Amino acid sequence: MTRSALLVLADGRFPAGGHAHSGGAEAAVRAGRLKDAADLEAFCRGRLHTTGLTSAGLAAGAALGLDPHALDEAADARTPSPALRAAARRLGRQLMRAGRAAWPSPELDALAAAFPRGAHQPVVLGTVARAAGLGPGDAAHCVVYETVGGPATAAVRLLGLDPYRATGVLARLAPEMDEVAARATAAAREGVDALPAASAPLLDITAEQHATWPVRLFAS
C-alpha cells in the first residue's frame, strides 16, 4: 500500500469530475433545507450513513477483487433514481479515464471494455484503488470523504458559506467517516450479498426534480 497514492486518489484536484456534482446539496438549498453550517452538517451526516455507506461498500468490494458485474448490478439495485444512476455512470467514465492514465492496469482495461457506457462510480473507484496498490479500506475512505466533501464544497459556492465553517463540518464528521468506512469494508469482506443497502429516498426524489431544471449550477 502506498499512502501517497491514496492522497492522489482522494485529492479534489484528481480529474474525476466530482467538482461538477453537489451530491444533492443544490436541490436542498433551493428547497430551503440547507441554509447554514448546521444544516450542512446534518445533510452530510445523513448522506454519510446512507448513500455513503452503500457506495463505500461497493468500492471496498471492487478493491477486494469481487466480480465487477455483480457489483455493478448491486449498485443499480441500490440506486432507484434514474438521474442518479446516469450521474454515477458519467462519473464512472470520467474516473476511469483518470485512473487509467494514472495507474494503467489490465483490470481497468477489462472494466472499461465491459462497461463502455461506464460502470457505477464506486465500482470504478474501487478498481482504480486496486490498480494503485490500495486496499478496500482505502477505497472506502475515499468514498466516505467525497460523500461529504462534495456537498461541503458545493455549499460554499451555493450559499457563500464561510469555507472555514464548511471545513469545520468535515473535521467534526471525521470520526463518523472512519466508522462508516470500517463498516463498509467489513461488509465487503463477506461478499456482494452482504453489502450495505442503506437508502435516502429524499435524495432520490430531489435528484429527479433537479434533473428537470433548465438552469442549474451542478450536474447533480
Side-chain angles (χ1 to χ4, degrees), residues 1-21 23 47-48 51-75 78-79 87-150 152-153 170 173-174 176-192 194-196:
M1 191 277 282
T2 165
R3 188 65 51 83
S4 296
L6 175 59
L7 294 175
V8 171
L9 184 56
D11 193 332
R13 292 165 293 188
F14 192 73
H19 65 279
H21 296 260
R47 271 183 59 81
L48 177 62
T51 59
L53 173 62
T54 300
S55 296
L58 292 162
L64 281 167
L66 299 183
D67 179 7
H69 292 85
L71 288 170
D72 197 73
E73 289 176 359
R78 288 160 172 75
T79 313
R89 293 192 184 281
R90 285 197 302 271
L91 285 167
R93 288 195 301 272
Q94 181 70 20
L95 177 57
M96 179 62 76
R97 291 181 61 192
R100 292 173 81 185
W103 299 288
S105 83
E107 279 191 84
L108 287 176
D109 293 342
L111 186 64
F115 296 93
R117 299 180 63 183
H120 277 262
Q121 191 265 3
V123 179
V124 178
L125 189 148
T127 310
V128 170
R130 185 174 170 87
L134 301 172
D138 301 312
H141 272 91
C142 282
V143 169
V144 298
Y145 179 73
E146 70 181 15
T147 295
V148 296
T153 300
L170 299 181
L173 289 173
E176 292 180 57
M177 287 189 244
D178 288 342
E179 186 266 332
V180 168
R183 287 173 58 197
T185 302
R189 294 189 187 281
E190 299 297 319
V192 175
L195 291 175

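Model, not experiment: these values are computed from the prediction.
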Query raised in the report: Taking all atoms of both residues into account, what is the closest heavy-atom pair of Ala194 and Ala187, and its distance?
Result: O-CB, 3.6 Å
Requested in this report: First locate atom OG of Ser105, then atom CG of Leu108, and finally report the distance between them rounded to the nearest 0.5 Å.
Outcome: 3.5 Å
Query raised in the report: Does Gln94 reach the main-chain N or O of Pro15 with its side chain, forming a donor-acceptor pair under 3.5 Å?
Result: yes
Query raised in the report: Closest approach of Ala184 and Ala60, non-hydrogen atoms and distance?
Result: O-CB, 4.3 Å
Query - Val143 and Leu125, any side-chain heavy atoms less than 4.5 Å apart - result: yes
**Report entry** For the student: nearest non-hydrogen atoms of Pro136 and Thr185, plus distance
**Finding:** O-OG1, 3.8 Å
Report task. Check whether any side-chain heavy atom of His141 sits under 4.5 Å from a side-chain heavy atom of Asp178, and report yes or no. Result -> yes
Report task. Give a yes or no answer on whether the side chain of Arg78 reaches the backbone of Pro196 with a donor-acceptor pair at less than 3.5 Å. Result -> yes
Report task. Determine, step by step, whether Thr79 and His120 satisfy the side chain to side chain contact (heavy atoms under 4.5 Å, CB included) criterion, reporting the C-alpha distance in whole Å, the side-chain angles of both residues, the deciding distance to 0.1 Å, and the verdict. Result -> CA-CA 10 Å; Thr79 313; His120 277 262; 4.0 Å; yes
Query raised in the report: Do Arg89 and Gln121 have side chains that get closer than 4.5 Å, going by heavy atoms?
Result: no
Report summary line: Test side chain to side chain contact (heavy atoms under 4.5 Å, CB included), reference Met96, set Leu91, Asp109, Val124, output is Val124
Requested in this report: Run the numbers on Arg130 and Leu64 for side chain to side chain contact (heavy atoms under 4.5 Å, CB included), then give the verdict.
Outcome: CA-CA 7 Å; Arg130 185 174 170 87; Leu64 281 167; 5.5 Å; no
Report task. Kindly determine whether Met177 and Val148 satisfy side chain to side chain contact (heavy atoms under 4.5 Å, CB included), including the steps that lead there. Result -> CA-CA 9 Å; Met177 287 189 244; Val148 296; 3.8 Å; yes
Report summary line: What one should report as the nearest heavy-atom pair of Ala152 and Leu170 is CB-CD2, 3.9 Å
Report task. Report the C-alpha separation of Leu9 and Leu134 in whole Å, then their side-chain angles, then the decisive distance to 0.1 Å, and conclude whether the side chain to side chain contact (heavy atoms under 4.5 Å, CB included) test is met. Result -> CA-CA 10 Å; Leu9 184 56; Leu134 301 172; 4.1 Å; yes
Requested in this report: Answer yes or no: does atom CZ of Arg93 have more than 12 heavy-atom neighbours from other residues, nucleotides or ligands under 6.0 Å?
Outcome: yes
Report task. Evaluate whether atom OH of Tyr145 has more than 12 neighbouring non-hydrogen atoms of other residues, nucleotides or ligands under 6.0 angstrom away. Result -> no
Query raised in the report: Going from CG on Asp11 to CD on Glu146, what distance comes out if it is rounded to the nearest 0.5 angstrom?
Result: 12.5 Å
Query raised in the report: Is there side-chain contact between Val123 and Phe115, with heavy atoms separated by less than 4.5 Å?
Result: no
Report task. For residues Leu66 and Ala188, report the shortest heavy-atom separation together with the two atoms involved. Result -> CD1-O, 3.8 Å
Report task. Write down the atom of Ala131, the atom of Trp103, and the distance for their closest heavy-atom approach. Result -> CB-O, 3.8 Å
**Report entry** Arg47 side chain to Gly23 backbone, donor-acceptor under 3.5 Å
**Finding:** yes
Query - Leu71 side chain reached by Leu195 side chain, heavy atoms, under 4.5 Å - result: yes
Report summary line: Hits for side chain to side chain contact (heavy atoms under 4.5 Å, CB included) against Glu73, two or more places apart or cross-chain, chain-then-number order -> none
**Report entry** Asp72 side-chain N/O to His69 backbone N/O, donor-acceptor pair under 3.5 Å
**Finding:** no
